[in-house]
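Everything on this sheet refers to the single structure shown next.
In what follows, chains carry the letters A, B, and so on, assigned in the order in which the sequence lines appear, proteins first and then strands, with residues in each chain numbered from 1. Computed from a prediction, not measured in an experiment: that's the story for all the values here.
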Amino acid sequence: MIFSNKLITWYLENKRFLPWRETKNPYAIWLSEIILQQTRVAQGLPYFEAFLNTYPTVTDLANAPEDDVMRLWQGLGYYSRARNLHATAKKVAYELNGNFPTNYKDLLTLKGVGEYTAAAIASIAYDEVVPVVDGNVFRVLSRVYGITSDISANSTKKEFQELAATLIPAEAPATFNQAIMDFGATQCTPKSPDCSVCPYINDCVAYATNQVSTLPIKLAKVKVKKRYLDFLIILDANGNTIIEQRTEKDIWQQLYQFPLIDSFKHNAEDINDYVKEKFDSLYIKEVLTLTNEAITHQLSHQKLHIKFWGVRVDNIPTDSTAWAELNKFGFPIVIHNFIKSLDLKTLIY
DNA sequence: AACCCGGGGGG
DNA sequence: CCCCCAGGGTT
């Protein structure tokens with residue numbers, strides 16, 4: 001199977017008619033590519049028309065007040081795109097004599113132009129043979145070739161760039177790049193593509209192996225929060241301490257712990273004051289740092305930074321627990337390990 | 001490598 | 001309500 005032949009045949013019959021395809025003007029092509037970053041064609045189209053009508057040349061855009069540019073961008077989101085757009089227009093107009101860089105490498109130096117956009121402009125405006133890799137390309141190639149790499153991993157982009165580089169025909173890079181994106185946008189859609197009319201129905205690995213709905217693989221990026229836990233090991237001279245049960249709807253529910261200062265940002269700079277406030281019945285003799293470096297403990301959704309503090313007291317509530325009895329309670333493993341590691345003699349004297 | 005940046009539409 | 005959109009910049 002010659003991938004590009006089928007693709008371009010499909011494209012010639014099914015391509016969308018888009019205004020930036022009617023020109024080789026690098027200004028118009030650059031403008032369209034910036035507008036279309038993470039933006040659907042239907043949403044970007046009116047903005048493209050408005051910008052080109054208001055600023056027919058890159059010099060017009062460069063000469064515009066920034067407020068005007070931002071107002072014209074209003075509603076499109078990702079406003080750094082508009083600021084970079086204006087900055088790049090000024091650079092092209094004032095430093096490059098109004099001429100855009102004419103190759104991939106030099107286009108990359110422009111603000112707001114990354115690997116995808118540089119490849120798009122270089123191929124579409126200047127026929128450089130460099131493949132684009134955008135969300136559509138990830139989807140199309142992962143399905144046709146059955147690639148199961150996680151596309152949310154940065155390293156995966158290189159894998160797709162290398163594959164696409166073997167597929168892009170030297171005589172038609174502009175057509176190929178636009179074709180594969182159109183194909184992804186209208187035929188090989190994210191959900192429920194109509195594979196019955198797909199030219200790759202007899203070639204597609206995902207179709208043959210029933211993976212169309214699961215490719216490309218984009219691992220759910222679990223949001224891992226940082227959390228800072230400071231446990232207070234309160235001890236009297238007889239080796240009695242205080243523990244409490246975790247009852248909140250939270251990690252470690254029903255397990256036991258030492259009294260806790262819990263925060264999502266690092267504090268614990270003044271354990272003394274906190275302890276006096278919370279346990280004012282206790283006479284504090286001394287607060288000791290038991291962990292110089294915080295102990296990190298990785299959970300699925302949280303990264304815990306844990307410190308243990310020793311608090312030596314004279315009197316302790318009668319519901320305290322003897323240190324030797326702690327093994328009768330269930331603790332989170334990170335606390336259990338710390339209890340095991342602690343030499344009590346260093347605290348009681 | 002992780003995080004932030006946005007408004008919008010499809011399913 | 002979740003996912004994704006012709007990604008890039010910053011830390």
Name the pairs: protein N/O against N/O of nucleotides 9-11 of chain C, kept only if under 3.5 Å.
| from | atom 1 | to | atom 2 | distance (Å) |
| --- | --- | --- | --- | --- |
| C:dG9 | OP1 | A:G112 | N | 2.5 |

Please confirm whether A:Y256 and A:F329 have ring centers closer than 6.0 angstrom.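 Ring centres of A:F329 and A:Y256 closer than 6.0 Å.
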May I ask you to check whether A:Y11 and A:F183 place their ring centres under 6.0 Å from each other? no
Give me the residues of residues 157-174 of chain A where at least one heavy atom lies under 4.0 Å from an atom of DNA chain C, by number, or none. none
Sorted by number, the residues of residues 122-140 of chain A with heavy-atom contact under 4.0 Å to DNA chain C: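 Heavy-atom cutoff 4.0 Å gives A:D134, A:G135, A:N136, A:R139.
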Could you list the residues that satisfy side-chain contact (heavy atoms from CB on, under 4.5 Å) with A:S213, not counting sequence neighbours?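 Residues passing side-chain contact (heavy atoms from CB on, under 4.5 Å) with A:S213: none at all.
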Between C:dA6 and B:dG11 - P atom distance, rounded Å: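 Going atom to atom, P in each nucleotide, I get 13 Å.
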Between C:dC5 and B:dG6, how many Å separate the two C1' atoms, rounded to a whole number? 11 Å
Geometric class of the A:F138/A:F160 ring pair [parallel <30°, tilted 30-60°, perpendicular >60°]: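 Rings of A:F160 and A:F138: perpendicular, as their planes differ by over 60°.
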Rounded to whole angstrom units, what separation is found between the [atom1] atom of [X] and the [atom2] atom of [N]?
X: A:R16; N: C:dA6; atom1: CZ; atom2: C1'; answer: 8 Å
X: A:L76; N: B:dG9; atom1: CG; atom2: P; answer: 12 Å
X: A:I180; N: C:dA6; atom1: CD1; atom2: C1'; answer: 12 Å
X: A:F48; N: C:dC5; atom1: CZ; atom2: P; answer: 22 Å
X: A:I217; N: C:dC4; atom1: CD1; atom2: P; answer: 12 Å
X: A:D194; N: B:dG11; atom1: CG; atom2: P; answer: 12 Å
X: A:Q178; N: C:dA6; atom1: CD; atom2: C1'; answer: 10 Å

Determine yes or no for a side-chain-to-main-chain donor-acceptor pair under 3.5 angstrom, with [X] supplying the side chain and [Y] the backbone.
X: A:Q37; Y: A:G112; answer: yes
X: A:K6; Y: A:Y200; answer: no
X: A:S123; Y: A:A174; answer: no
X: A:N177; Y: A:V130; answer: yes
X: A:H86; Y: A:A64; answer: yes
X: A:S142; Y: A:I147; answer: no

To the nearest 0.5 Å, what is the distance between CG (A:L31) and CD (A:E49)?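 Answer for the CG-CD pair, A:L31 versus A:E49, is 10.0 Å.
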Between CD1 on residue A:I8 and CD1 on residue A:I180, distance to nearest 0.5 Å: 10.5 Å
Pair A:F100-A:W30, ring pair (Phe, Tyr, Trp, His ring centres under 6.0 Å): steps then yes or no: CA-CA 9 Å; A:F100 277 83; A:W30 163 73; 5.0 Å; yes
Go through the side-chain N and O atoms of [X] and [Y] and say whether any donor and acceptor fall under 3.5 Å apart.
X: A:Q257; Y: A:Q245; value: no
X: A:N136; Y: A:R139; value: yes
X: A:W323; Y: A:N240; value: no

Nearest nucleotide by nearest heavy atom, which residue falls closer to the 5' end of DNA chain B, A:S192 or A:G75? A:G75
Heavy-atom nearest nucleotide on DNA chain B for A:Y78 versus A:S155: which residue maps closer to 5'?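 Result: A:S155.
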Could you pick out which residue, A:N177 or A:K191, lies toward the 5' side of DNA chain C when each is mapped onto its nearest nucleotide?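 It is A:K191 whose nearest nucleotide is closer to the 5' end.
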Just wondering, are more than 12 heavy atoms of other shown residues or ligands nearer than 6.0 Å to CG in A:N210?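 Counting other residues, nucleotides and ligands, CG of A:N210 stays at 12 neighbours or fewer.
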So what does A:T117 touch, heavy atoms closer than 4.0 Å: a base, only the sugar-phosphate, or nothing? sugar-phosphate
Would you classify A:I151 as touching base, sugar-phosphate or nothing, given that sugar-phosphate means primed atoms plus P, OP1 and OP2, and contacts are heavy atoms under 4.0 Å? nothing
Using a strict heavy-atom distance below 4.0 Å, which residues from residues 20-46 of chain A are in contact with DNA chain B?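 DNA chain B contact set from residues 20-46 of chain A: A:Q38, A:T39, A:R40, A:Q43.
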Strand DNA chain B as a dot-bracket string - pairs counted if Watson-Crick or G-U with both distances under 3.5 Å, | where the partner lies in another strand: |||||.|||||
